[in-house]
Number of protein chains: 2
Amino acid sequence: MDEVAGAIADPVRRRILLMLRDGDLAAGDIAGRFEISRPAVSRHLRVLREAGLVSDQVIGRQRVYRLVPAPLTELARWLTGFERAAGVNLAALDTEVRRARRDRLARREEDTG
Amino acid sequence: MDEVAGAIADPVRRRILLMLRDGDLAAGDIAGRFEISRPAVSRHLRVLREAGLVSDQVIGRQRVYRLVPAPLTELARWLTGFERAAGVNLAALDTEVRRARRDRLARREEDTG
DNA sequence: CCAACGCGTAACACATCAGTTACGCTTCTG
DNA sequence: CAGAAGCGTAACTGATGTGTTACGCGTTGG
């Protein structure tokens with residue numbers, strides 16, 4: 001998961017994933033859609049490969065890349081795990097803040113009382 | 001989204017998010033659970049704040065952090081968008097590979113034919 | 001066959017990031 | 001009140017990441 005999360009941190013790589021979501025592409029086709037150099041794109045593609053987010057297949061001189069969505073799905077599942085915890089959190093904070101204030105007021109009354 | 005994706009790229013920050021999923025924590029409590037220095041953790045907390053993934057509330061000397069899950073949910077939704085495209089992709093690659101092979105064979109037959 | 005094409009990688013340079021110690025401000029406590 | 005506690009930030013350092021040009025290997029096409 002660390003590599004996947006790291007891979008999608010970069011906007012270029014996210015764009016590549018979006019392109020591949022719409023269909024497989026050769027490396028050159030991908031690189032042609034960016035203004036950065038082809039080796040730079042190649043380097044990003046390598047990160048995606050090593051993170052398991054894309055697979056590549058050599059067809060002649062071309063290297064065709066395809067999306068491998070499973071790790072993204074897994075990350076999404078991990079992320080949705082935070083959604084369920086939201087209500088618990090809000091309630092806990094309100095309770096904590098109120099308790100802290102009550103304690104402080106009580107202490108002040110003891111001091112001045 | 002760029003900031004959110006960037007924020008979860010770091011394992012320390014992911015751990016912080018997991019801690020906060022289970023309940024609000026003061027900065028000191030969070031820092032105490034790591035072996036790195038407190039300023040290092042503070043820096044990570046700042047990244048999370050600025051990405052909108054946590055909110056903080058000063059209670060006396062303490063700064064209590066709480067999870068803000070909405071941006072994570074949004075990122076999860078974006079990621080699940082890739083799942084739906086998977087079937088299309090596999091079919092397209094098979095088709096493309098078969099077509100390329102057919103074309104190559106056809107060309108070879110023309111040459112030798 | 002040979003030149004062009006496609007593309008990955010190495011080497012380099014610069015930017016960014018994440019660790020550290022030092023510092024200082026605010027709040028709390030004895 | 002004075003010292004301690006809590007915590008953010010600055011400055012520094014070293015590691016990492018991302019851009020570039022140069023290079024070379026394999027495939028293709030004339």
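Letters A, B, ... are given to chains in the order of the sequence lines, protein chains preceding strands, and every chain is numbered from 1. Keep in mind it's a predicted model, so treat the numbers as computed, not measured.
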(request) Mind listing the residues from residues 3-17 of chain B sitting with a heavy atom below 4.0 Å of DNA chain D? Number order is fine. (result)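 When residues 3-17 of chain B is checked for heavy atoms under 4.0 Å from DNA chain D, there are no hits whatsoever.
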Report the residues that fulfil side chain to side chain donor-acceptor pair (under 3.5 Å) with [X], sequence neighbours left out, ordered by chain and then residue number.
X       : answer
B:Arg14 : A:Asp2
A:Arg49 : A:Tyr65
A:Asp10 : none

Can you measure [X] atom [atom1] to [N] atom [atom2] for me and round it to whole angstrom units?
X       : N      : atom1 : atom2 : result
A:Glu35 : D:dT20 : CD    : P     : 10 Å
B:Arg33 : D:dC7  : CZ    : P     : 13 Å
A:Asp2  : C:dA18 : CG    : P     : 12 Å
A:Ile36 : D:dG17 : CD1   : P     : 16 Å

Below 3.5 Å between N/O atoms, which protein atoms pair up with nucleotides 1-3 of chain C? Just atom names and distances, please.
none

Roughly how far, to the nearest 0.5 Å, is the [atom2] atom of [Y] from the [atom1] atom of [X]?
X       : Y       : atom1 : atom2 : result
B:Phe82 : A:Leu75 : CZ    : CG    : 11.0 Å
B:Leu25 : B:Arg66 : CG    : CZ    : 13.5 Å
B:Leu72 : A:Glu83 : CG    : CD    : 9.5 Å
A:Glu3  : A:Leu48 : CD    : CG    : 11.0 Å

(message) Can you list everything that forms a side-chain contact (heavy atoms from CB on, under 4.5 Å) with A:Ala76? Sequence neighbours excluded, please.
(response)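 A:Ala76: side-chain contact (heavy atoms from CB on, under 4.5 Å) contacts with B:Ala76, B:Leu79, B:Thr80.
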(message) Taking side-chain contact (heavy atoms from CB on, under 4.5 Å) as the definition, give me every residue that meets it alongside A:Val68, ordered by chain and number, with sequence neighbours left out.
(response)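 A:Val68: side-chain contact (heavy atoms from CB on, under 4.5 Å) contacts with A:Ser55, A:Pro71.
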Donor-acceptor pairs are to be reported for all side-chain atoms of residues 26-46 of chain A against protein atoms at under 3.5 Å, with residues two or more places apart or in another chain.
from	atom 1	to	atom 2	distance (Å)
A:Ser37	OG	A:Ala40	N	3.3
A:His44	ND1	A:Arg13	NH1	3.0
A:Arg46	NE	A:Glu50	OE2	3.0

(request) Could you tell me whether the phosphate oxygens of D:dT20, OP1 or OP2, come under 4.0 Å of any side-chain nitrogen or oxygen in A:Ser37? (result)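 Checking D:dT20 against A:Ser37, a side-chain N or O does come within under 4.0 Å of OP1 or OP2.
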(request) Answer yes or no: does a side-chain N or O of B:His44 lie under 4.0 Å from OP1 or OP2 of C:dC17? (result) no
(message) One character per nucleotide, please: for nucleotides 4-9 of chain C, 5' to 3', B when the base has a protein heavy atom closer than 4.0 Å, S when only the sugar-phosphate does, - otherwise.
(response) BBSBBB
(message) Within the structure provided, determine whether A:Leu18 and A:Arg21 are in side-chain contact (heavy-atom separation under 4.5 Å).
(response) yes
